[in-house]
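In what follows, a structure is listed as structure tokens, so that the remarks can point back to it.
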Protein chains: 2
Amino acid sequence: MILIHWRDNFTARQNDAAMNEKNIRAILRKANLRCTRGRVDVLQVLLESPDPTTHEDLHKKLQGTGINRVTVYRVLETLQKSGIVHRVEAGDRIWRFAVCGRMHPGHCHPHFICRQCGKIECLKEFPMPDMPSVAKDYTVEEQEMYLRGICPNCASKIKNLKCK
Amino acid sequence: MILIHWRDNFTARQNDAAMNEKNIRAILRKANLRCTRGRVDVLQVLLESPDPTTHEDLHKKLQGTGINRVTVYRVLETLQKSGIVHRVEAGDRIWRFAVCGRMHPGHCHPHFICRQCGKIECLKEFPMPDMPSVAKDYTVEEQEMYLRGICPNCASKIKNLKCK
DNA sequence: TGTTAATATGCAACAGAGTTGCATATGTAT
DNA sequence: ATACATATGCAACTCTGTTGCATATTAACA
Ligand SMILES: [Mn+2]
Ligand SMILES: [Mn+2]
Ligand SMILES: [Zn+2]
Ligand SMILES: [Zn+2]
């Protein structure tokens, strides 16, 4: 199995906010995608976002451009299938999109999800455990880890409960 | 952080299929839940399921009992909040439910998700990497790991593609 | 720089998993 | 057996995401 760690990719891309339209078009062309207004704009916003971003957020940020709701969905699907962005579903049934391989401070670490209140916490201080090579012919581009259980807040509430 | 590995729980429960109503009622009582017909039936089906199960499947299997669709949802939410079952979302926006701590052959291992075709593959031959203790006051009951990338099938299709 | 064929977009209608309000039925403590 | 709290059934609803189709844009090419 080919393991491409997120740290290996896009390392030259420090000046994220300064990523200009020409660079974005280059990314699209490299993926054999037509450079349309919507794709450039959506990708621009994603490149400037520190965390994985919902469709709703993207559409809001682009409302000045007049882009249609459905187009945002279709652009995201296209970018995802081309491997430029990827989708994350963290337990609330809402997709979040992030540029692949970028160091998203809100993303590249394990997450803890409380089964009681549903809150998601970032375990930023803990590195993703390394995954051993597992099979030929599979290209691994991203890895996610979720810990599920009870958060301290809910734990104390449960302790004070006689019955339910 | 308290780490409860799935192997540590429910180890005495080998005779899964034979788990009878009395035992199921005991589980509910222990969680301070009322023993209702719906809860007993839903939990029974879950205990007999080798893999995490959708609401649709559960409702189908229980259609003989006349239980209502909404009740199944509510029972699942109750069981989940009590820590008896947990929810998994594997990328198709459909919840799957599994009894916590049981060795589900379809579940307790990393999973690979192809970003092109969306297919989910079980990496059964690879153990879940151990997670270091990460923080006080958090109770970890389950852990999930997803690898995302391109499956061999899609990789060969992409290779044969000139443009898109 | 036009012309053309492929493909992306806007719009409206739709899909479908899951939720909510409320009247009624059921479980459990006494 | 009674009373109270809570679980259930039913219908209507939410909300994220999809689809069909007519029109607009893109990019290759003359
Ligand atoms: Mn995070
Ligand atoms: Mn599996
Ligand atoms: Zn919590
Ligand atoms: Zn695939």
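When reading the values below, keep in mind they use all heavy atoms of this one structure, side chains included, and skip hydrogens, waters and symmetry mates. The sequence lines fix the lettering, A, B, ..., with proteins before strands; numbering per chain opens at 1.
Per the geometry, CG belonging to Leu28(A) stands 15 Å off C1' belonging to dT7(C), to the nearest Å. Taking atom CG on Leu79(A) and atom C1' on dA8(C), their separation rounds to 13 Å, with Å as the unit. Between the NE2 atom of His59(A) and the P atom of dC15(D) there is a distance of 17 Å, given to the nearest Å. Rounded to whole angstrom, the span from the CZ atom of Arg39(A) across to the C1' atom of dT9(C) amounts to 10 Å. One atom, CG of Leu62(A), and another, C1' of dG10(C), lie 16 Å apart when rounded to the nearest Å.
Proximity of Asn68(B) to the phosphate of dC10(D): a side-chain N or O atom is located under 4.0 Å from OP1 or OP2.
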Inset, instruction - Assign a letter to each nucleotide of nucleotides 25-30 of chain D from its 5' end: B, base within under 4.0 Å of a protein heavy atom; S, sugar-phosphate only; -, no contact. - result: BBS---
Inset, instruction - Encode nucleotides 14-25 of chain C as B, S and - characters from 5' to 3', where the letter depends on protein heavy atoms closer than 4.0 Å: B to the base, S only to sugar-phosphate, - to neither. - result: ---SBBBB----
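Considering only heavy atoms from C-beta on, Ile84(B) comes within 4.5 Å of Leu33(B) through its side chain. Within the 4.5 Å cutoff, the side chain of Arg25(A) has no heavy atoms near those of the Lys22(A) side chain. Put simply, the side chain of Leu79(A) does not reach to within 4.5 Å of the side chain of Val99(A), judged on heavy atoms.
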Inset, instruction - Please lay out, stage by stage, how Ile67(A) and Asp41(A) fare under the test side-chain contact (heavy atoms from CB on, under 4.5 Å). - result: CA-CA 9 Å; Ile67(A) 193 172; Asp41(A) 291 343; 5.7 Å; no
Inset, instruction - Please report the C-alpha distance between Leu76(A) and Leu46(A) in whole Å, then the side-chain angles of each, then the deciding distance to 0.1 Å, and finally whether the side-chain contact (heavy atoms from CB on, under 4.5 Å) criterion is met. - result: CA-CA 10 Å; Leu76(A) 289 169; Leu46(A) 284 175; 4.0 Å; yes
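One N or O on the side chain of His55(A) and one on the backbone of Arg69(A) form a donor-acceptor pair closer than 3.5 Å. Between the side chain of Asn20(A) and the main chain of Asn23(A), a donor-acceptor pair closer than 3.5 Å is present.
A salt bridge does not link Glu77(B) with Arg87(B): every distance from a Lys NZ or Arg NE/NH1/NH2 to an Asp or Glu carboxylate oxygen is 4.0 Å or more.
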